[in-house]
S.K.: 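I'd like to ask some things about the structure below.
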Amino acid sequence: MKRFLLSILSATIILLKQNSNARILHPPEERAWNAQWISVPGITGNEYGIYYFRKSIQLANKPASFIINVSADNRYKLYVNGTLVSLGPARGDTFYWNYETVDLAPYLTAGKNTVAALVWNEAQYRPEAQISVRTAFIIQGNTTTEEILNTNNTWKSTQDKGYQPIWGYFAASTGEMVDMNKSIMNWYSPNFDDTTWPNAANLFGGQLKGQWDGFGWQLVHSSIPQRELIYERIPTIRKATGMDVPPTFPGNKAPLTIPANTTVTVLLDQTHLTNAYPTINFSGGKDAGISLSYAESLFDSLSKYNMRKGNRNDVEGKDFSGRKDSLISNGSTAQSYTTLNFRTFRYIRLIIHTQNEPLVINDLYGTFTGYPFKQSAVFNTDNKEIKQILDIGWRTARLNAFETYTDCPYYEQLQYIGDTRIQAMISYYYSGDDRLARNAINLMDHSRLAEGVTQSRYPTHDTQIISTFSLWYIGMLHDYWMYRGDSTFIKDKLDGERAVLKFFSQYQQADGSLKNTPYWTFVDWASGKNWDVGSPPKGTDGSSAIIDLQLLWAYQWAAAMEAKMGLPDYAALYNRQAAKLKQTIQRKYWAPAKMLYADTKDKDHFSQHANSLAILTGMVKNADLTALSKKLLADTSLTQCTIYFKYYLHQALVKGGLGNDYMNWLGIWRDNIKMGLTTWAEYSDLKYSRSDCHAWGSSPNIEFFRTVLGIDSYAPGFSKIKIEPRLGTLTKAGGEIPHPNGKVTVSYVLENNRWKIRISLPRHTSGVFVWESKTYILKGGENVMVI
């Protein structure tokens, strides 16, 4: 029984150790599989349900290696001898259905061993990102030795009838209602008696992608490591009604007894936003009701049309609204519940209503989960504000990265291209781990429709197209090409780049300008005149400067990639298209009287967006760059960029020579901090911002290194490095970032009116150092200078 109570904690520790190096096990060969996809007999496979599968085997000795490949639809948790060893599968689509490879040897012993799996299908309630065929589970042994665990009708199976969905509109997963009177306890324990369970039903054989006709799931090996799991306490109680609750609950593990016929409400505060699997262990309290509700923040007021937020630290006088899981106790000891999917929360509202027996909460804690990024970047400074901004930004980025990047962990959990472009760059600069970015690029490539355009987000079971995001997809390809040392990976994606540009060519007028660009043309959540749900205003001819400028930039990226690793004819074509479009943009949108680019040909709308893109695409002459950049900051009549599009605004201002003022541009981030946010909000309007966690706001985690410390790629693959610091008022700063060949380290110290500068580049990697318009050659290794 003690082992049962500690199983989840021990599983967390073991998985944490297992994932400490973020290692992926690869099968030695891709031989044909002979395992069966299995299910529970008597179900259609398309209904909501939670299912268990078990098999026991005898081993003469503890093996040194025992590798299996495992997958499921929708999701699985795999246990060996009561210990959680794998979660999955990593999300994809039916043409690229992931399986994980797991070495079970650390969890096996001589003698009897039990392998058990929880498989669940949320059916019509499933997350928007979840594509599905039907309920199914598969294990394939990696060699004939491990095939003893191949799934077939020798496995036992059953359905847990204690679960029901709690539906609410979330694109992410639904809530769970679990009646412990009907649920199956301790089902994954080696000592559990499964003799009354029916044998599993064989569906059909597992097929690796391309080895058969495409029916069912086309299996591919997951290219990313499994998510990490880290045990974390919930440290603070903010409010309690119905009884006196010790202030140490649940930060310190200690039993809490709720008397019979009592209703208790407790508001818990993680103190920062997190993604975690909540676990509650409890005893007694026959038919007591327990609910766990989760919220990013509390609300000043709640109504259908008004969900106003104030300072996220405040709880007095606030309303609670959030997704919920509910339980009914069966009265026994050692009951335990962990959510199927993780929950995102800062606040948890725990409500307990007992009947005629007291209920004991033995423990309540969380298990953080996320992609196992390791921070490699270091920014050395005495400025506490910089450190705070970087810490919050990295937390925001981490909470939006698990099996894919996501826009937000609480509401949607969808991998949108516009968000992901920024998130991938954060990964390059902050971690150097590009596997999730490669996975994202692959998925976006798979999402392309026959007409050439990508879907706006992927994976997803409903189609959504933001045509402008297809242009950012080409930007993602270019980013990877410039910052990572693997041009072959991008070369294989050039057909997709060409397809996207061919799609847009169908909507170009004779002068190259786009007319009535189809689908959703989202650019930013800006609130300017005639902006429509994020889409910029169009002129009387159906054109938009902002969208034309995005197309221009895409042509420039595509031409650069085609010239180096594609086809010269495409490079020439895209250069001609870009040249024509530049002339059209200058003629159609430049407003000499205002010395700005207008949003439309009618020249009655102006924005930071259009003029930022004009700078970044080379529309503006060098002599005019600084003046135009200053106007972007000074002219408040311009439609303003929100926190998302400031990524592009700031790059434009840096190109305009204003980079030394970078610290002055961080007002919205300072406002987030003042409002008690521990991650960056989706919108710049913090009172009404829906999501409190959008990684597209984490661009300072790029720019403190690229702009302030000045470290940037100077050639494809980061094969040459440019160092051009813009320190502003800082007199001592330094840091390092990961690089495909090692790391780049810089240090700047002002002493006695002289700058002492140290720059270390990876061996065999050259670069340049730019300081006050002078350029110095850098060699691989240590470079020291005094200026």
Side-chain angles (χ1 to χ4, degrees), residues 418 466-468 471-472 475 504 507-518 520-556 577-642 644-658 665 684:
I466 300 176
S467 49
T468 44
L471 300 173
W472 290 142
F504 278 94
Y507 303 97
Q508 288 181 274
Q509 303 175 71
D511 61 3
S513 178
L514 288 162
K515 179 179 181 179
N516 295 327
T517 307
W520 187 10
T521 54
F522 177 87
V523 169
D524 187 21
W525 289 124
S527 56
K529 178 184 175 183
N530 293 132
W531 282 70
D532 182 21
V533 197
S535 295
K538 292 189 296 186
T540 52
D541 69 342
S543 65
S544 161
I546 296 171
I547 300 175
D548 280 348
L549 284 159
Q550 271 197 246
L551 178 61
L552 172 60
W553 210 0
Y555 276 136
Q556 293 169 344
Q577 295 280 55
K580 177 198 281 189
L581 191 51
K582 283 186 78 169
Q583 291 180 348
T584 297
I585 290 170
Q586 187 67 27
R587 172 183 53 80
K588 183 177 278 191
Y589 304 115
W590 178 249
K594 293 183 72 78
M595 294 298 289
L596 289 166
Y597 288 90
D599 291 346
T600 69
K601 69 179 288 293
D602 310 296
K603 299 184 174 61
D604 53 359
H605 300 77
F606 294 85
S607 67
Q608 289 182 326
H609 305 75
N611 290 278
S612 296
L613 292 174
I615 291 171
L616 292 170
T617 54
M619 291 295 307
V620 184
K621 296 177 182 178
N622 288 340
D624 299 329
L625 276 173
T626 300
L628 180 56
S629 298
K630 289 180 177 179
K631 189 173 290 253
L632 287 186
L633 292 172
D635 190 344
T636 57
S637 70
L638 301 177
T639 296
Q640 300 290 295
C641 297
T642 74
Y644 160 50
F645 215 85
K646 286 182 187 293
Y647 176 64
Y648 300 103
L649 170 64
H650 292 172
Q651 289 179 73
L653 296 175
V654 170
K655 187 174 180 179
L658 305 184
W665 306 335
S684 293

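If you read the sequence from its start, that first residue is 1, and numbering goes on from there. Just so you know, these numbers use all the heavy atoms, side chains as well, and skip hydrogens, waters and symmetry mates.
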S.K.: Can you tell me how far the CD1 atom of Ile585 sits from the OG atom of Ser513, to the nearest 0.5 Å?
M.R.: 7.5 Å
S.K.: To the nearest 0.5 Å, what is the distance between CG on Leu653 and NZ on Lys630?
M.R.: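 Rounded to the nearest 0.5 Å, the CG-NZ separation comes to 11.5 Å.
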S.K.: Any donor and acceptor pair, going by atom type alone, linking the side chain of Gln509 with main-chain N or O of Tyr507 inside 3.5 Å?
M.R.: no
S.K.: Can you confirm whether the side chains of Asp524 and Tyr648 place a donor and an acceptor under 3.5 Å from each other?
M.R.: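 Their side chains do not contain a donor-acceptor pair, so the 3.5 Å distance test is not met.
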S.K.: Rounded to the nearest 0.5 Å, how far apart are CH2 of Trp525 and OG1 of Thr642?
M.R.: 9.5 Å
S.K.: Do any pairs count as a side-chain hydrogen bond (donor to acceptor under 3.5 Å, both in side chains) and have a residue in residues 577-587, sequence neighbours left out, and if so which ones?
M.R.: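 Qualifying pairs, neighbours excluded: Asp511-Arg587, Gln586-Tyr597.
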S.K.: Do Asp635 and Phe606 have side-chain heavy atoms sitting under 4.5 Å apart?
M.R.: no
S.K.: Which pair of heavy atoms, one from Ile547 and one from Leu471, lies closest together, and at what distance?
M.R.: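 The answer is O-CD1, 4.5 Å.
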S.K.: Rounded to the nearest 0.5 Å, how far apart are CE of Met595 and CG of Leu628?
M.R.: 8.0 Å
S.K.: Give a yes or no on whether the backbone of Leu514 and the side-chain of Ser543 come within a donor-acceptor separation of less than 3.5 Å.
M.R.: no
S.K.: Grab the two heavy atoms, one from Asp541 and one from Lys515, that are nearest each other, plus how far apart they are.
M.R.: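 The pair with the smallest heavy-atom distance is O-CG, 3.2 Å.
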S.K.: Atom CH2 in Trp553, atom OG1 in Thr617: separation rounded to 0.5 Å?
M.R.: 8.0 Å
S.K.: Would you mind listing every salt bridge (charged side-chain N to carboxylate O under 4.0 Å, His left out) that reaches into residues 593-622, with sequence neighbours excluded?
M.R.: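 Every pair satisfying salt bridge (charged side-chain N to carboxylate O under 4.0 Å, His left out) with a residue in residues 593-622: there are none.
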S.K.: Looking at Ile546 and Pro536, what are the two nearest heavy atoms and their distance?
M.R.: CD1-CB, 3.7 Å
S.K.: Which heavy atom in Gly528 sits nearest to a heavy atom in Thr639, and how many Å separate them?
M.R.: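 Residues Gly528 and Thr639, closest heavy atoms: CA-OG1, 3.4 Å.
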S.K.: Regarding Ser535 and Thr521, do their side chains bring together a donor and an acceptor under 3.5 Å, going by distance alone?
M.R.: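 Short answer, yes.
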S.K.: Determine the minimum heavy-atom distance between Ile615 and Lys655, stating which atoms define it.
M.R.: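 So the minimum-distance heavy-atom pair works out to O-NZ, 3.0 Å.
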S.K.: Under the criterion side-chain hydrogen bond (donor to acceptor under 3.5 Å, both in side chains), which of Asn530, Asp532, Asn516 is the partner of Lys538?
M.R.: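 Result: among Asn530, Asp532, Asn516, Asn516 is the only option passing the side-chain hydrogen bond (donor to acceptor under 3.5 Å, both in side chains) with Lys538.
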S.K.: Give a yes or no answer on whether the side chain of Trp531 reaches the backbone of Val523 with a donor-acceptor pair at less than 3.5 Å.
M.R.: no
S.K.: Over all heavy atoms of both residues, which pair between Ala652 and Ser629 is shortest? Give the atoms and the distance, please.
M.R.: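 Taking every non-hydrogen atom into account, O-OG, 3.9 Å.
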S.K.: Hey, mind stepping through Leu658 and Trp665 against side-chain contact (heavy atoms from CB on, under 4.5 Å) and telling me if it holds?
M.R.: CA-CA 11 Å; Leu658 305 184; Trp665 306 335; 3.8 Å; yes
S.K.: Under 3.5 Å, side chain of Gln608 to main-chain N/O of Leu649, donor-acceptor pair present?
M.R.: no
S.K.: CH2/Trp472 to CZ/Phe522 distance, rounded to the nearest 0.5 angstrom?
M.R.: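 Nearest 0.5 Å value for the CH2-CZ distance: 11.0 Å.
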